[in-house]
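Throughout, a chain's letter reflects where its sequence line sits, starting with A, and its residues are numbered from 1.
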Amino acid sequence: MTAPRLLITAWPHLAERDSTPRIMWTVNVSLIPVIVAAIYYFGPSAVLVIVAALAGCLATEWLFGSRETLFDGSAVITGLLLGLCLPAGLPMWMAFVGGAFAIGFGKLIFGGLGQNIFNPALLGRAFLQAAFPVALTTWPVIRENWWALRGDNLALPLMSPGEVDVLTSATPLGLMKFEQQSTELGKLMIGATGGSLGETAGILILLCGAYLAWRNYLNWRIPISIFLTVAALATLTHWLNPAFPGALFMLFSGGLMLGAVYMATDMVTSPVTNRGCWLYGVGIGVLVVVIRLWGGLAEGVMYAILLMNAMVPFINRATQPRVFGTRAAVKVTE
Amino acid sequence: MSAPAQFQPKPDVPAWRLLVTLGLAGALAGFVLVFVYQATLPTIERNRAERLAAAIQEVLKAPDHYDTLYVYQGTLTRQLPADADPKKLEQIYFGYHADSSPIGFAIASGEPGFQDVVRLIFGYDHATQTLLGMKVLESKETPGLGDKIEKNVDFVSQFDGVQTPLTGVKPRQSTGDPHEVDMITGATISSRTVIKIINNALQRMGPMLESYQAAATGPQSAEVAQ
Amino acid sequence: MAKRMRFRHGVHPPELKQLTAAIPVRRLPFPDEIVLPLSQHTGKPAVPIVRIGDRVERGDKVAEADGFISSPIHTSAAGTVTAIELWPHPTGGYQDAIRIAVAPYDAQVPRKRIIPDWRGLDRKQLVDAVRQAGVVGLGGAAFPTHVKLVPPDDVSIDTIVINGCECEPYLTTDHRTMVEYPGRVHLGIRLMMKTIGADRVMVGIEKNKPDAIERLRATLPDDLEGHVTIHGLTVKYPQGAEKMLIKALLGREVPSGRLPMHVGVVVHNVASVATIAEVFETGLPLIERIVTVTGPGVRRPANLIVPVGTKVRDVFDACGGLTETAREIVFGGPMMGAAQASLDVPITKGTTGVIALTGAEVKSQHSYPCIRCGHCLDACPVFLNPQLLGQLAMHDRYDEMVENHLMDCMVCGCCGYTCPSNIPLTQLFALAKNQLKRQPPKPKAA
Amino acid sequence: MGELVWILLSAMVVNNFTLAYFLGLCPFMGVSARVSTALRLGLADIFVLVIASVCAWFLNTFILPYAPYLRLISFIVVIASLVQIVEMVIKKVSPVLFRQLGIYLPLITTNCAILGLAIFQTNRGYNLLEGLFFAVGGGLGLTLALVLMASIRESSEMADVPALAKGMALVLIIAGSLSLAFMGFAGLLSSS
Amino acid sequence: MSKTSPQQDFFRGIWRENPVLIQMLGLCPALAVSNTLENSLVMGIATFFVLTGSSLLVSIVKKAVPGEVRISTYILIIATFVTVADMTLEALVPDIHKALGAFVALIVVNCMILGRQEAFASKNPVGRSLLDAFGTGFGFIIAMVMMGSIREILGTGALLGMKVIPGPFEPWVIFILPPGGFLTLGFWLLLFGWIEKRRVERARVREWPHGVGAREEAA
């Protein structure tokens with residue numbers, strides 16, 4: 001018998017079928033329904049904004065990252081998520097800048113995939129929100145003419161968006177906070193309201209999230225703890241002061257669904273321990289409610305997640321698992 | 001700072017020398033400071049007065065002259081008793097036309113806004129319960145959005161002639177009510193802060209203004225009648 | 001028992017046992033040469049007592065145990081000692097081994113009763129016989145069995161746990177032992193109860209071997225009834241790890257850094273138990289064992305009785321040879337087994353199985369950056385944080401690894417199995433432990 | 001009461017001393033590499049801030065009306081010497097506490113957060129109670145920023161940060177990101 | 001301290017040992033008030049004044065001050081100069097003084113100033129101390145101008161209040177907000193790091209023109 005050329009690899013010689021690129025691309029695929037919903041509601045503007053954000057991310061990754069990381073799907077997730085949390089009428093150049101910042105300063109500067117502290121997409125959005133507060137809070141309404149742009153998407157780079165005749169309206173949260181107007185729950189659930197591109201279709205996002213949780217591509221403890229915390233606090237505050245919205249409204253309005261399912265669960269920027277995930281989710285839930293009810297902003301999901309991202313290294317330290325056989329009460333027969 | 005680490009005590013220096021050195025340095029510093037203080041004080045005070053005058057000028061629509069009133073023990077008074085320290089009391093201003101007919105009060109007040117405390121001064125005619133003008137003195141509101149409360153002429157000019165108490169409405173939803181102020185789109189909190197400051201200040205000061213105006217205009221109108 | 005017998009965490013690799021699970025054990029013909037490494041067990045290597053040119057009969061002792069935690073080695077075939085030299089060893093690298101050219105056409109008749117009959121032996125004599133027979137744990141680690149038969153005076157053992165889990169994929173050695181030699185298992189149990197002095201025995205078998213559970217229950221002698229219980233356990237890796245098994249069966253947690261006996265338990269692999277009985281039955285020392293030869297790279301997978309020292313090349317020949325696509329040979333199970341660099345590596349007492357993997361099964365060695373998914377934390381049966389440990393290992397921060405309980409790691413491979421980024425976590429830990437063994441961590445500065 | 005809570009929260013998160021007012025940057029950049037150190041430094045900070053707040057109020061009420069030009073000098077001299085005295089007292093009374101916090105005290109005395117607190121407090125005309133809330137809020141804010149920064153730096157220590165960004169550039173970017181995240185608290189408690 | 005030439009004394013602080021950009025001293029004012037060029041300049045000049053003034057005084061009186069009270073005396077001197085600067089600014093440019101707010105007073109605790117006294121002025125003759133202070137002060141002003149101009153141009157589209165970017169430029173408000181301060185300094189550090197890297201690479205190519213792959217890389 002001729003000896004084959006033997007390979008020496010390390011044990012274990014079996015591995016789960018999952019791989020990092022596979023996880024990333026699955027998340028991307030699971031975003032497709034949400035993107036389709038965005039396009040259904042916001043027309044060609046949705047395509048333009050998402051493509052611009054994606055281009056910003058990929059261009060930066062290509063320039064400063066490596067070839068491999070360009071194709072592992074992680075930069076694509078950042079681009080899509082960033083695009084989905086922007087308003088439809090945003091000039092494309094702003095979305096591009098957001099993408100570039102997200103990848104450059106949200107990810108690459110920390111050493112690339114897996115090493116960043118803050119969710120890159122949210123950091124990119126927070127940067128845009130701070131840089132262009134007006135453009136980022138101009139919410140176009142869903143309107144009859146599907147083909148019309150929802151704002152000056154095509155503004156020249158660095159230039160202000162021109163005055164385009166677009167009907168704008170406040171988001172359901174804005175209406176609630178500043179004018180005590182509630183929005184019909186049914187509309188909230190199917191997403192027929194003003195808001196960012198991807199935050200409108202609550203039910204759809206939940207379904208996609210359930211799929212990802214089933215595949216173990218997201219830690220279900222995070223969204224569940226966020227939902228429970230927000231629902232509990234909202235019920236309590238609503239009971240104490242009926243001017244505050246109730247639990248269902250809180251859950252389905254704004255970016256909570258998108259944030260809880262896709263942003264907070266970003267593996268890199270969420271805790272590694274399960275106990276940590278519970279804490280992290282509860283923290284996000286509390287911050288969301290606090291910012292929404294008592295803060296100056298109508299929506300707090302983005303900041304809540306970023307703040308808890310900053311807490312994650314601390315949470316990880318504090319929730320190290322108890323190692324087998326180190327419980328104090330172990331009885332030792334001597 | 002690494003300074004303390006390099007500290008090398010020299011035991012042969014007597015304590016009195018240390019004290020003398022510090023004392024000398026302190027005395028010298030004090031001397032210099034008093035000198036510079038004396039030299040700059042007039043300019044500084046003039047600057048402050050000018051700034052205040054300019055603000056009052058703006059919100060009271062160019063009064064000929066004005067009185068400084070102190071909030072003292074729940075009333076407004078022009079003359080303070082000798083034992084009260086004017087620097088610790090809240091001050092408001094009462095302006096007159098050239099013919100000594102009263103214009104109204106200029107009241108400065110502040111409350112937390114979007115970022116930090118917003119301070120503003122507004123002119124108020126108590127007789128007609130209308131505002132005469134508003135000027136933001138100090139704010140850190142978001143540039144380009146919240147800072148429209150001081151930079152947007154449309155917003156600021158609304159406070160000329162509006163009835164109190166104010167209510168804020170969205171631009172497209174105004175009904176023509178004289179109490180309404182159009183808020184700035186996207187800067188609801190900042191707009192509301194301005195309205196809140198004015199309403200709260202008037203609520204707090206209302207009775208005082210009432211009694212002062214009655215006292216001030218009463219004798220005056222009698223004079224005119226004579 | 002109402003309580004669910006389980007431990008937390010762990011992984012569910014594919015079982016892959018169907019290749020050999022139903023194939024009865026058959027005997028491998030004697031090869032032309034056997035190679036007996038002096039170190040086939042945990043502890044000090046044995047010392048050779050033969051010289052080159054010596055003629056030895058089957059079952060003769062060729063190397064003597066060196067100390068208490070050591071074990072003698074016997075030849076598994078008659079022949080002539082041709083060399084005592086460095087030879088490829090299953091743990092990697094080269095180690096001293098005795099090469100014996102098997103005498104052709106020899107009847108291979110052993111000397112009579114090297115090991116005495118067990119009947120009439122007292123406790124001490126029994127243990128000594130086991131020691132003389134060179135019996136070691138057959139589950140893989142090859143810890144000398146006699147050491148575990150005499151608990152130290154300061155501990156009292158109340159339960160003997162028999163490990164029939166065989167949680168590693170592919171392997172069916174223990175499975176076939178239980179199905180085909182239940183009598184030996186029960187005899188072994190009886191002998192152990194006598195030496196250890198415990199009257200409760202719990203046999204843990206994963207539920208994917210219903211025939212083994214059935215067979216052991218059916219053949220249980222009446223007098224052991226009430227003392228021996230046989231438990232079906234959830235199928236999960238690493239169910240067969242001592243600490244996990246004790247946790248699952250008894251709910252006791254072995255304290256970090258201590259041994260099972262500190263919670264009153266001794267764990268023996270089921271094949272070792274059967275071997276204890278076997279040496280007394282046949283009178284021969286441990287010179288052959290059951291090995292599962294399997295994997296997609298083998299033409300005819302089988303369960304074989306292999307003379308210890310047979311080169312793996314000869315084992316494959318007996319199974320129809322390797323396929324064209326075979327790429328990697330693994331000794332032991334796929335989770336913890338070691339890949340072999342040569343087909344000349346001999347089967348030792350601790351070799352549970354030989355697996356030939358094809359290119360399709362060999363795991364890619366390309367790893368991605370850690371994305372902190374936390375799957376390894378969910379997998380680690382001893383609740384370590386492999387993610388953190390891995391990072392520390394990559395930066396050579398061994399002292400901090402110890403602070404994070406590196407020493408509790410049993411390199412079971414769960415973290416590496418589950419890691420989507422394919423980071424060789426288990427190797428990093430094994431390497432770090434080795435480094436630390438060589439160079440103990442500095443005591444923390446006060 | 002609402003006013004006091006607002007002062008506390010404003011100094012702590014809305015206008016965080018470090019992330020919005022840039023006070024106490026030296027320890028933030030320099031000492032914040034270890035979480036345990038950062039935590040102790042933060043606690044010591046709160047302590048000194050409270051002392052400074054009381055000092056500043058005292059000086060401002062009883063002395064400075066007569067000599068306003070001495071404000072800066074008196075603040076710095078009085079606060080520094082008082083901290084020194086407290087340090088000595090702690091050393092005598094509780095050596096354990098001294099080992100935990102004391103070694104940071106000299107470092108803090110020359111920290112701009114202390115003088116900044118005193119000046120902000122007098123500029124805004126806070127009374128004693130308001131000053132105390134301001135000091136505690138500011139101290140909590142400093143501690144929060146320090147601990148967050150330290151834990152993030154600890155975890156980035158093992159990251160493959162590009163050589164270009166290693167050190168201060170990365171710290172500044174992290175600080176910028178934290179500052180961005182803290183913008184979420186804008187308008188807290190002032191909307192109603 | 002090794003012997004240095006007067007040129008070195010002066011130029012060291014401007015670039016190679018720039019207090020803000022290299023030594024990371026005096027960050028508080030550099031980040032807090034650098035949102036417009038005007039503020040940055042005034043702050044830079046005020047700091048320059050305090051630094052040179054106190055350096056001069058410290059190097060004059062250095063012999064007379066015992067070591068034990070050295071630091072206290074320096075702080076006293078610095079605080080005096082700062083108060084002078086504070087009052088002068090309030091008299092001359094009240095609007096900018098208002099914008100700078102408490103940060104003028106905080107020059108006292110700018111580590112850069114006390115650091116120069118402790119490290120240089122207290123050990124060197126008057127002339128050299130003054131040169132050193134000039135250099136460091138200029139270095140600080142340069143850093144402030146670099147911060148202020150970038151932040152003002154990007155944050156408002158103008159420089160010193162005059163529009164410099166044509167067209168309907170959309171200002172990047174973040175640059176005049178606190179996060180912008182951190183980020184701008186971060187950008188500058190990255191840029192300098194990159195330039196330095198290039199310089200080192202070039203130098204290496206000059207030294208070993210046929211070095212291992214170095215030439216191709218640089219080309």
Side-chain angles (χ1 to χ4, degrees), chain A residues 1-24 68-69 72 74 111-116 216-219 221 266-277 312 316-317 319-334, chain C residues 13-14 154-156 169 243 253-256 258 262-264 313 316-317 321-322 326-330 334-343 355 357 361-363 365 368-375 377-378 381-385 387 404-405 408 413 416-418 420-422 424 426-427:
Chain A
M1 187 180 85
T2 55
R5 294 224 327 268
L6 290 182
L7 282 171
I8 311 281
T9 65
W11 83 100
H13 302 280
L14 290 174
E16 245 168 25
R17 282 198 354 269
D18 286 343
S19 75
T20 299
R22 193 189 177 109
I23 295 178
M24 298 291 170
E68 186 193 326
T69 56
D72 66 13
S74 59
L113 177 62
Q115 329 226 21
N116 45 312
N216 200 15
Y217 289 172
L218 61 81
N219 194 329
R221 293 166 187 86
D266 171 17
M267 287 172 168
V268 178
T269 55
S270 59
V272 291
T273 61
N274 286 336
R275 269 193 306 153
C277 284
V312 163
N316 275 341
R317 275 174 63 97
T319 58
Q320 285 299 307
R322 184 189 63 73
V323 173
F324 189 90
T326 53
R327 192 171 41 191
V330 173
K331 205 178 78 212
V332 181
T333 55
E334 296 279 356
Chain C
D154 55 347
V155 298
S156 70
K243 292 182 175 183
E253 213 167 275
V254 179
S256 160
R258 308 302 282 269
H262 293 117
V263 290
R313 182 191 304 279
F316 282 131
D317 281 347
L322 293 170
R327 276 287 165 274
E328 186 167 30
I329 310 297
V330 174
M335 294 300 283
M336 286 186 78
Q340 301 301 320
S342 154
L343 287 177
I355 304 168
L357 299 170
E361 282 83 38
V362 174
K363 215 172 63 171
Q365 294 302 293
Y368 296 90
C370 170
I371 53 169
R372 305 184 215 169
C373 60
H375 289 178
L377 280 95
D378 281 343
V382 287
F383 306 97
L384 299 172
N385 181 347
Q387 189 262 339
N404 285 289
H405 301 275
D408 285 289
Y417 169 79
T418 195
S421 287
N422 208 359
T426 321
Q427 279 62 55

Mind listing the closest non-hydrogen atom pair of C/Gly337 and A/Trp11 along with its distance? O-CB, 3.2 Å

Will you find, in the side chains of A/Thr20 and C/Ser421, an N or O donor that is under 3.5 Å from an N or O acceptor? yes

CE of A/Met267 to NE2 of C/His375, rounded to nearest 0.5 Å, is 4.0 Å

With a 4.5 angstrom heavy-atom cut-off, could you sort out which part of C/Asp408 is near chain A: side chain, backbone, both or neither? side chain

Side-chain touch A/Pro321/C/Leu377, heavy atoms, less than 4.5 angstrom: yes

To the nearest 0.5 Å, what is the distance between CZ (C/Arg372) and CG (A/Leu113)? 10.0 Å

Does any backbone or side-chain atom of A/Asn216 lie under 4.5 Å from a heavy atom of chain C? Answer side chain, backbone, both or neither. both

Could you tell me which portion of A/Leu14 (side chain, backbone, both or neither) has an atom closer than 4.5 angstrom to a non-hydrogen atom of chain C? both

Donor-acceptor pair, distance only, cut-off 3.5 Å: does the side chain of C/Glu328 make one with the backbone of A/Thr9? yes

Heavy-atom pairs under 4.5 Å with chain A - which of C/Ala341, C/Pro13, C/Ala338, C/Pro169 has more of them than the others? C/Ala341

Working to the nearest 0.5 Å, report the span between CZ of A/Arg322 and CG of C/Leu384. 11.5 Å

Would a 4.5 Å heavy-atom cut-off, applied to side chains only, mark A/His13 and C/Ile355 as touching? no

Once you round to the nearest 0.5 Å, how far does CG of A/Leu7 lie from CD of C/Gln340? 13.0 Å

Region of C/Cys370 that comes under 4.5 Å of a non-hydrogen atom in chain A: backbone

C/Pro381 side chain reached by A/Phe324 side chain, heavy atoms, under 4.5 Å: no

